[in-house]
Amino acid sequence: MNIKGPRGTQDILPGNSEQWQYVESTLMELCKRYNYKEIRTPIFEQTELFQRSVGDTTDIVQKEMYTFTDRGDRSLTLRPEGTASVVRSFVQNKVFGQPSQPTKYFYIGPMFRYERPQQGRMRQFYQFGIEALGSADPAIDAEVLALALNSYQELGLKSLKLVINSLGDNESRQQHREALIAHFAPYRTELCQDCQTRLDKNPLRVLDCKKDRDHPAMESAPSVLDYLNDYSRNYFNKVKVYLDTMGIDYVVDKNLVRGLDYYNHTAFEIMSDAEGFGAITTLSGGGRYNGLVEEMGGPETPGIGFAMSIERLLMALEAEGIQLPIDDTLDCYFVAMGDEAKTETVRLAYLLRKNGIQVDKDYLDRKLKAQFKSADRLKAKYVIVLGEQELAENKANVKKMTTGEQIEVSLDELVSYLKKELGGK
RNA sequence: GCGGUCGUGGCGAAGUGGUUAACGCACCGGAUUGUGGUUCCGGCAUACGUGGGUUCGAUCCCCACCGGUCGCCCCA
């Protein structure tokens, strides 16, 4: 067979899948503490959903979407991010009308972007994210940032940097936009090709251009923060106060601009400082998106959320040398000699498993010694040896692998003996 | 989409324009015919990414493509 998995995809095999499970369950447990509930939406949606929410001029929509036509000539797209679907679902299911607001969701699942793969960037990648819909209280912004940061801390990461900014509301943004165009217009031809188009379509994005980073006009560029109206400035200040209250460190970066169109007010990213982390340091990003629900046909509803890449989270763990506490041991392994004993281990294995004990056994008809080798490799805590002698006496030899000690246990007492030995099982 | 680099067995890794393509790990067996993780001995495998071209002959030279990897753009 020489069919390979599609470019930019990966198989997560045992040896790695345990880490994924550990990370995912840790994140879910954390969500429980913050009272965010899981939402599962389809992994494909009508293409229009992303065009309208993420924005036509964004890189995601312009060159990174996995779009295809189905047999009914509908244009569908593999979701490039999670917020659009969540908002669509919120509106479609009229969740806004339900009693307990705000609505607090989390999701974990694959996202798809058609890009050239490299470290920390896959065509199919996994995101964990949360969305809080229905509240314009800056305290919930702070809650979202706290949860984002906690997600990493919970797994032991230390080298983290929280960067925040405010993009302001529509009025503030409009004024800032005009100021930006006026500011950069005289230098237009000195800017890179991309920035020249950005200047027309989305001047905000000029600010985070890496090519023109050192252009003198950058330093003197009008800051979003200077154009915030009273409401926006006040809102941002409160977010910062709440962060301070929780003792959360952050840096304000006035050039932090998010790549998607729907953001306003609070915008943030969490980056890794870790040594040897590679070119990509952004672990997660998010922000407020008041207006998006309305844009999707729902009532005026504020919202905020963030998303993180599980792949990058795992990279960060590795960069910081953090070993997750994963138990890869096996409770017990059956070693059988002879047909009768083999039949008996089939029965006993089933019995033990039904009693909550992890069991495996030989299926390759190997020699005793080789069976022990397998048990060792599988990190079995106990090996249960059954041969003709034992069978005749209705007993089994139970060997504790860590110490090498071995005792005879009556088959009738095997379950209770092992339960006791394994403790609490 | 652009650029650098790489592509030999399950994994890691030598190597050459020409009979059987090293080695290490892993795996299997034996030494110890009912006991593991050490040691010793032996064995094993549809391996030169794909397709063309040059050549008497290509794993090795050339081209294209595919894929990995790193970087750019941008992001998670």
Side-chain angles (χ1 to χ4, degrees), chain A residues 1-10 13 15 54 57-64 79-83 109-129 148 151 192-195 197-198 202 205 208-212 256-260 268-272 278-286 305-316 333-338 341 362 364-391 396-406:
Chain A
M1 188 194 69
N2 50 12
I3 297 174
K4 295 170 186 162
R7 184 161 210 199
T9 64
Q10 60 173 335
L13 304 172
V54 175
T57 62
T58 59
D59 277 11
I60 290 183
V61 170
Q62 284 196 333
K63 56 179 201 184
E64 295 172 7
R79 61 182 186 191
E81 59 105 45
T83 304
M111 303 293 164
F112 305 84
R113 292 187 199 171
Y114 192 93
E115 291 193 277
R116 185 79 174 265
Q118 60 173 282
Q119 190 177 42
R121 172 182 299 156
M122 292 279 130
R123 286 188 176 179
Q124 173 172 340
F125 61 104
Y126 290 79
Q127 279 191 341
F128 159 70
S151 303
C192 76
Q193 206 57 48
D194 284 339
C195 281
T197 19
R198 282 177 190 141
N202 193 350
R205 297 276 306 284
D208 70 344
C209 176
K210 293 186 178 69
K211 280 185 194 154
D212 292 327
L256 174 68
V257 168
R258 312 256 43 248
L260 314 186
F268 74 99
E269 281 184 10
I270 293 175
M271 312 203 253
S272 172
I280 296 167
T281 55
T282 304
L283 295 175
S284 56
F306 88 97
M308 67 163 69
S309 143
I310 309 279
E311 284 85 351
R312 290 187 189 177
L313 167 57
L314 291 170
M315 280 169 58
Y333 190 90
F334 274 104
V335 166
M337 279 161 297
D362 171 71
L364 297 174
D365 261 325
R366 290 198 278 202
K367 303 254 163 80
L368 177 85
K369 189 182 169 123
Q371 293 191 45
F372 262 92
K373 254 190 155 175
S374 300
D376 200 53
R377 201 159 291 126
L378 294 171
K379 298 184 182 161
K381 295 175 192 147
Y382 293 88
V383 169
I384 303 164
V385 184
L386 217 60
E388 285 172 20
Q389 294 165 26
E390 290 83 359
L391 217 50
N397 258 313
V398 179
K399 180 171 185 176
K400 188 172 187 174
M401 295 300 271
T402 49
T403 62
E405 62 185 321
Q406 180 168 305

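Letters A, B, ... mirror the listed sequences (proteins, then strands); counts begin at 1.
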When you measure only distances, ignoring hydrogens and angles, does the side chain of E64(A) come within 3.5 Å of the base of A76(B) through a donor and an acceptor? no
Would you mind building the protein contact string for nucleotides 34-47 of chain B? One character per nucleotide, 5' to 3', B for base within reach (heavy atoms under 4.0 Å), S for sugar-phosphate only, - for untouched. BBBS----------
Excluding sequence neighbours, so at least two apart, what forms side-chain hydrogen bond (donor to acceptor under 3.5 Å, both in side chains) with S284(A)? Y152(A)
With a 3.5 Å cut-off and just heavy-atom distances, do the side chain of R312(A) and the base of C75(B) make a donor-acceptor pair? yes
Listed partners of R366(A) passing side-chain hydrogen bond (donor to acceptor under 3.5 Å, both in side chains), at least two apart: S374(A)
Residues at least two apart in sequence or cross-chain that pass side chain to side chain contact (heavy atoms under 4.5 Å, CB included) with E388(A), listed by chain then number, are none
Parallel, tilted or perpendicular: which fits the ring planes of F306(A) and F268(A), with parallel below 30° and perpendicular above 60°? tilted
Comparing R116(A) and A370(A) on RNA chain B - which has the more 5′ nearest nucleotide: R116(A)
Look for any protein N or O under 3.5 Å of an N or O in nucleotides 6-13 of chain B and output each such pair with its distance, or none.
none

Just call it for M111(A): base, sugar-phosphate, or nothing, with non-hydrogen atoms closer than 4.0 Å on any strand. nothing
Return the stems involving RNA chain B, sorted by first number, where pairs are Watson-Crick (N1-N3 with N6-O4 or O6-N4) or G-U wobble (N1-O2 and O6-N3), both under 3.5 Å, and runs are 3 or more long. B:1-7 with B:66-72, B:10-12 with B:23-25, B:27-31 with B:39-43, B:49-53 with B:61-65
Strictly below 4.0 Å, N to O, side chains only: are E269(A) and R258(A) in salt-bridge contact? yes
